[in-house]
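Structure, as structure tokens:
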Protein chains: 4
Amino acid sequence: MPRSKEENDRVRQLAQENIRTSAMQVFIEKGYYNASIADIAKRAGVSKGLLYNYYKGKEELLGDMVQSRIEEIEDVMQKAAALGTPSEQLKHIIDGAIDNVLHHPKIYRFYLHLQTQPEEDLLLSRYSQMLNEEMARQFQLQCEMFRKLGVPDPEIRSLHFSSAIHGISLMISTYPEHYPVRQVKEQLFRDFCVTE
Amino acid sequence: MPRSKEENDRVRQLAQENIRTSAMQVFIEKGYYNASIADIAKRAGVSKGLLYNYYKGKEELLGDMVQSRIEEIEDVMQKAAALGTPSEQLKHIIDGAIDNVLHHPKIYRFYLHLQTQPEEDLLLSRYSQMLNEEMARQFQLQCEMFRKLGVPDPEIRSLHFSSAIHGISLMISTYPEHYPVRQVKEQLFRDFCVTE
Amino acid sequence: MPRSKEENDRVRQLAQENIRTSAMQVFIEKGYYNASIADIAKRAGVSKGLLYNYYKGKEELLGDMVQSRIEEIEDVMQKAAALGTPSEQLKHIIDGAIDNVLHHPKIYRFYLHLQTQPEEDLLLSRYSQMLNEEMARQFQLQCEMFRKLGVPDPEIRSLHFSSAIHGISLMISTYPEHYPVRQVKEQLFRDFCVTE
Amino acid sequence: MPRSKEENDRVRQLAQENIRTSAMQVFIEKGYYNASIADIAKRAGVSKGLLYNYYKGKEELLGDMVQSRIEEIEDVMQKAAALGTPSEQLKHIIDGAIDNVLHHPKIYRFYLHLQTQPEEDLLLSRYSQMLNEEMARQFQLQCEMFRKLGVPDPEIRSLHFSSAIHGISLMISTYPEHYPVRQVKEQLFRDFCVTE
DNA sequence: GATGAATGAGTGTTCATTCAT
DNA sequence: GATGAATGAACACTCATTCAT
């Protein structure tokens with residue numbers, strides 16, 4: 001007795017989800033090049049063959065991860081944009097970025113690693129480019145916010161803002177303990193989100 | 001008649017230098033895992049065998065690179081420490097860091113990539129750790145400078161300073177063009193190197 | 001539809017058996033160091049990759065061979081021990097040893113070759129040691145038999161017995177033809193298995 | 001000022017002797033295949049290049065060793081043949097063989113190892129054949145001795161004699177300690193060198 | 001004679017990917 | 001859909017041998 005179409009779909013969804021999650025774990029632990037397909041399949045508790053039924057290969061798995069990372073970022077940005085004042089919007093970005101690093105430093109680390117992939121790595125540079133482009137989109141939205149905030153030179157301001165957040169994120173992910181997160185957030189807020 | 005010892009030493013030095021330089025180029029272009037020994041040897045115009053006469057393997061080549069990177073950083077820090085006032089010292093660090101990224105964005109990128117290696121990459125994590133430790137040493141020296149500068153909470157200040165520099169460096173290396181370097185340097189100077 | 005577990009096991013058994021047998025042939029023909037993995041795989045009609053699915057490497061293949069050789073010897077010893085009189089027991093050892101060399105002189109040669117591996121061959125000395133230890137075990141069992149036989153100095157007697165058998169085996173394996181096997185067996189029996 | 005011809009020859013002789021001796025040591029320690037030319041040259045304290053001036057390669061070095069081994073054996077046989085009675089002759093062979101193993105068990109081991117080289121090892125089988133042929137020559141001479149001794153079936157007797165000596169040698173070289181050498185020699189003498 | 005830098009063919013090993021079942 | 005046996009290309013590394021000096 002064959003499964004119904006819906007049930008089949010659900011099985012597919014679950015299997016795919018399972019594989020993707022396992023791949024993320026293994027990539028984050030061992031890095032893309034050290035993660036073998038066998039590792040991922042074993043982690044997911046499926047056969048290598050099945051993995052290839054759902055994903056064309058290792059690269060596509062990474063592509064999925066990058067895609068969902070980008071969606072995550074865009075989600076934060078959209079939620080921010082929906083807020084009333086530019087000050088609140090920027091604060092939301094600060095919180096989103098810092099909390100994310102704080103709770104998942106290894107994930108931040110992984111994507112930064114990917115983002116800094118050598119440009120001529122023909123296999124992966126595509127993904128670092130996608131991430132960088134997302135950063136650029138984020139930058140544009142921030143510019144708009146700073147413009148509304150009424151600061152002079154909103155582009156420069158946005159650049160400073162991004163630099164500050166990335167610098168702090170890097171430091172947090174490198175030394176995850178003892179980082180005075182609250183203070184830093186407040187400092188960022190004072191420096192960037194208010195006009196005297 | 002065999003070559004004299006000195007002559008031989010010179011030949012060895014040159015060959016080694018040549019190989020190291022080529023390895024750097026290839027690593028930076030293609031990344032560690034995509035750079036094959038054959039690539040490096042070809043780039044150096046040398047046989048694979050000779051490469052192994054001078055280096056035990058791929059890893060040692062990377063080790064050499066990391067070592068010289070660390071020495072480069074320590075050199076900047078020592079030159080800074082030798083200056084008269086904490087203000088000048090910090091300014092020297094700013095200049096050293098920013099100019100370095102500006103002139104060799106790919107090299108900065110490469111080492112940041114290495115630094116963000118997943119921790120369980122047994123092969124490379126050793127090197128990311130070495131780089132992180134160097135960053136920690138740098139941090140300690142900076143604390144001292146801020147202390148002399150007479151700011152309250154010099155540790156927090158040093159943390160902010162490092163975050164700022166790393167953030168900016170990351171942005172510069174990602175978008176090497178159009179970055180308002182002079183302005184940023186001046187801003188950093190105003191933010192961190194003077195006491196009102 | 002995947003193969004059933006049992007079917008898969010059978011396939012694995014067959015493949016493994018095939019590889020092991022081919023490895024034995026190639027090792028015996030060309031020697032361990034001259035037998036390349038490619039040789040063995042080709043002989044087995046199998047890809048190099050598959051070989052590594054079943055064996056961790058060249059050394060493990062040899063390990064398997066040594067293991068089964070030891071089991072072969074212990075089998076003869078056990079069968080001997082199960083016999084009624086010491087005289088019969090020793091006769092069984094003589095027959096087992098001589099017949100084995102006679103029917104597979106090259107195999108005897110191979111293991112003797114392995115047993116005489118230079119002690120500092122870090123790779124192989126482990127296996128020569130295992131074989132020597134088996135010989136020592138055999139020696140102990142023989143001592144017991146001679147003791148039951150009621151000879152004076154059973155240890156010395158066992159030593160002579162082993163020396164004689166090894167000497168004869170070496171000669172047979174070196175000059176496999178024309179060796180007066182029956183006579184020699186009878187002589188050994190008269191010399192060692194009876195008490196006047 | 002060029003060296004005189006004689007002096008030159010002497011230098012050559014010494015250098016060659018030095019290399020040959022070192023090669024023997026290294027071969028005996030690590031085995032032929034694990035001994036690299038670099039090892040041998042280092043042990044001899046000369047450059048790889050010089051080694052190739054005197055020997056065409058690794059194989060020729062081994063050839064030299066085998067040659068001198070054969071001469072050693074023939075020397076014992078000639079000294080034996082020069083003695084007055086067959087009984088004394090055989091005793092001399094016993095002493096020569098056993099004492100040799102006793103004093104240099106590793107060397108015996110090495111040559112037995114070489115002798116048991118797989119027949120299809122195209123590189124080394126030539127040498128194992130040379131050694132086996134020498135053993136055959138020795139066998140012929142022994143036959144003559146046994147004939148003179150007046151035993152029936154001197155060929156069979158010689159075969160037994162060789163088997164006994166090889167068996168004992170193998171045991172001594174494998175368990176160099178505690179072997180009751182004197183007793184064994186006496187037993188051999190009683191078994192083979194006297195007629196009742 | 002003497003050196004050791006340089007070569008390159010050969011080998012063991014890994015792993016993404018395919019496909020018969 | 002699901003499996004895992006099987007493949008083979010790619011790679012790191014070794015070492016006997018050559019030759020310019």
Side-chain angles (χ1 to χ4, degrees), chain A residues 2-3 7-8 11-12 15 33-42 46-59 61, chain B residues 1-5 7-12 14-16 33-41 45-59, chain C residues 1-5 7-12 14-16 33-41 45-59 61, chain D residues 2-3 7-8 11-12 15 33-42 46-59:
Chain A
R3 273 186 282 239
E7 215 172 347
N8 237 325
V11 168
R12 286 188 66 89
Y33 284 110
N34 285 301
S36 72
I37 291 286
D39 284 336
I40 297 168
K42 184 179 283 179
V46 301
S47 69
K48 280 185 286 175
L50 189 61
L51 195 152
Y52 276 92
N53 266 351
Y54 291 115
Y55 291 93
K56 252 190 305 197
K58 217 169 151 179
E59 204 186 331
L61 276 165
Chain B
M1 196 80 62
R3 284 205 200 85
S4 77
K5 206 151 206 157
E7 225 171 339
N8 243 323
D9 268 10
R10 219 174 43 88
V11 170
R12 288 183 68 87
L14 284 176
Q16 220 164 331
Y33 285 110
N34 285 301
S36 74
I37 292 287
D39 285 335
I40 297 169
V46 135
S47 70
K48 276 188 290 174
L50 191 62
L51 195 151
Y52 280 95
N53 269 351
Y54 293 113
Y55 292 93
K56 250 190 307 201
K58 218 173 155 179
E59 205 186 331
Chain C
M1 195 79 61
R3 284 204 200 85
S4 76
K5 208 153 205 155
E7 223 170 342
N8 244 322
D9 267 10
R10 219 175 43 87
V11 170
R12 289 184 67 87
L14 283 177
Q16 220 164 330
Y33 285 110
N34 284 301
S36 75
I37 291 287
D39 284 336
I40 297 169
V46 136
S47 69
K48 275 190 290 176
L50 189 62
L51 194 152
Y52 279 94
N53 268 352
Y54 293 112
Y55 292 93
K56 252 190 306 201
K58 214 174 158 180
E59 204 186 333
L61 277 166
Chain D
R3 273 187 281 235
E7 217 171 346
N8 238 323
V11 169
R12 284 187 68 89
Y33 284 110
N34 285 300
S36 73
I37 290 286
D39 283 337
I40 297 168
K42 186 179 280 178
V46 302
S47 68
K48 279 185 286 176
L50 190 60
L51 196 152
Y52 276 92
N53 266 349
Y54 291 114
Y55 290 94
K56 252 192 306 200
K58 219 171 151 178
E59 205 186 330

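A note on names: the letters A, B, ... follow the listed sequences, proteins ahead of strands, and every chain is numbered from 1. Computed from a predicted structure; not experimentally measured.
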| field | Distance-minimising heavy-atom pair for D/Lys58 and D/Tyr33 | value | NZ-O, 3.8 Å

| Rounded distance (Å) that lies between atom C1' of F/dG4 and atom CD1 of A/Ile37 | 14 Å

| task | May I ask you to verify if any side-chain N or O of B/Arg12 is less than 4.0 angstrom from the OP1 or OP2 atom of E/dG4? | result | no

| field | Whole-Å gap separating P (E/dT13) and CG (C/Asp39) | value | 14 Å

| request: Check whether the side chain of C/Asn53 and the base of F/dA5 form a donor-acceptor pair under 3.5 Å. | output: no

| request: For C/Asn8 and for D/Ala38, find the nucleotide of DNA chain F with the closest heavy atom, then tell me which residue's nucleotide is more 5'. | output: C/Asn8

| query | Heavy atoms under 4.0 Å, any strand shown: does C/Tyr54 hit a base, just sugar-phosphate, or nothing? | reply | sugar-phosphate

| note | If pairing means Watson-Crick or G-U wobble with both distances under 3.5 Å, then the partner of F/dC11 is E/dG12

| Heavy-atom pair of closest approach, residues B/Val46 and B/Leu51 | CG1-N, 4.3 Å

| Rounding to a whole Å, what distance do you find between D/Asn34:CG and F/dT14:P? | 13 Å

| remark: Rounded to whole Å, the NZ-C1' distance (B/Lys5 to F/dT21) equals 16 Å

| When you measure from the side chain of A/Asp39 to the backbone N and O of A/Ser36, does any donor-acceptor pair fall under 3.5 Å? | yes

| Atom CZ of B/Arg12 and atom CZ of B/Arg3: how far apart are they, to the nearest 0.5 Å? | 11.0 Å

| query | Heavy atoms under 4.0 Å, any strand shown: does B/Ala15 hit a base, just sugar-phosphate, or nothing? | reply | sugar-phosphate

| query | Whole Å only: how far is the CD atom of C/Glu7 from the P atom of F/dG4? | reply | 13 Å

| field | For E/dT18, the Watson-Crick or wobble counterpart (both distances under 3.5 Å) | value | F/dA5

| message | Considering every strand and a 4.0 Å limit on heavy-atom distances, what is the contact class for C/Ala41: base, sugar-phosphate, or nothing? | response | nothing

| query | Is there side-chain contact between B/Leu50 and B/Asn53, with at least one heavy-atom pair below 4.5 Å? | reply | yes

| Do C/Lys48 and E/dT13 share a donor-acceptor pair, side chain to base, under 3.5 Å? | yes

| query | When the distance from NZ of C/Lys56 to P of E/dT14 is rounded to whole Å, what number comes out? | reply | 10 Å

| note | Whichever of D/Gly49 and A/Ser47 has the more 5' nearest nucleotide on DNA chain F, that residue is A/Ser47

| query | Once you round it to whole Å, what is the distance between C1' of F/dA12 and CG of B/Leu50? | reply | 16 Å

| said: Is there a side-chain contact between A/Lys58 and the phosphate of E/dA16, meaning an N or O under 4.0 Å from OP1 or OP2? | reply: yes

| field | B/Tyr52 side chain near F/dC13 phosphate (N/O to OP1/OP2, under 4.0 Å) | value | yes

| task | Take the protein atom CD of B/Glu59 and the nucleotide atom P of F/dC11, then report the distance between them rounded to whole Å. | result | 19 Å

| Atom of B/Tyr52, atom of B/Gly57 and distance for their closest heavy-atom approach | CE2-CA, 3.9 Å

| query | Is D/Tyr33 near enough to F/dC15 that one of its side-chain N or O atoms lies under 4.0 angstrom from OP1 or OP2? | reply | no

| remark: B/Arg3 has its side chain closest, among E/dC15, E/dT7, F/dT21, to F/dT21

| task | Would you classify A/Gly57 as touching base, sugar-phosphate or nothing, given that sugar-phosphate means primed atoms plus P, OP1 and OP2, and contacts are heavy atoms under 4.0 Å? | result | sugar-phosphate

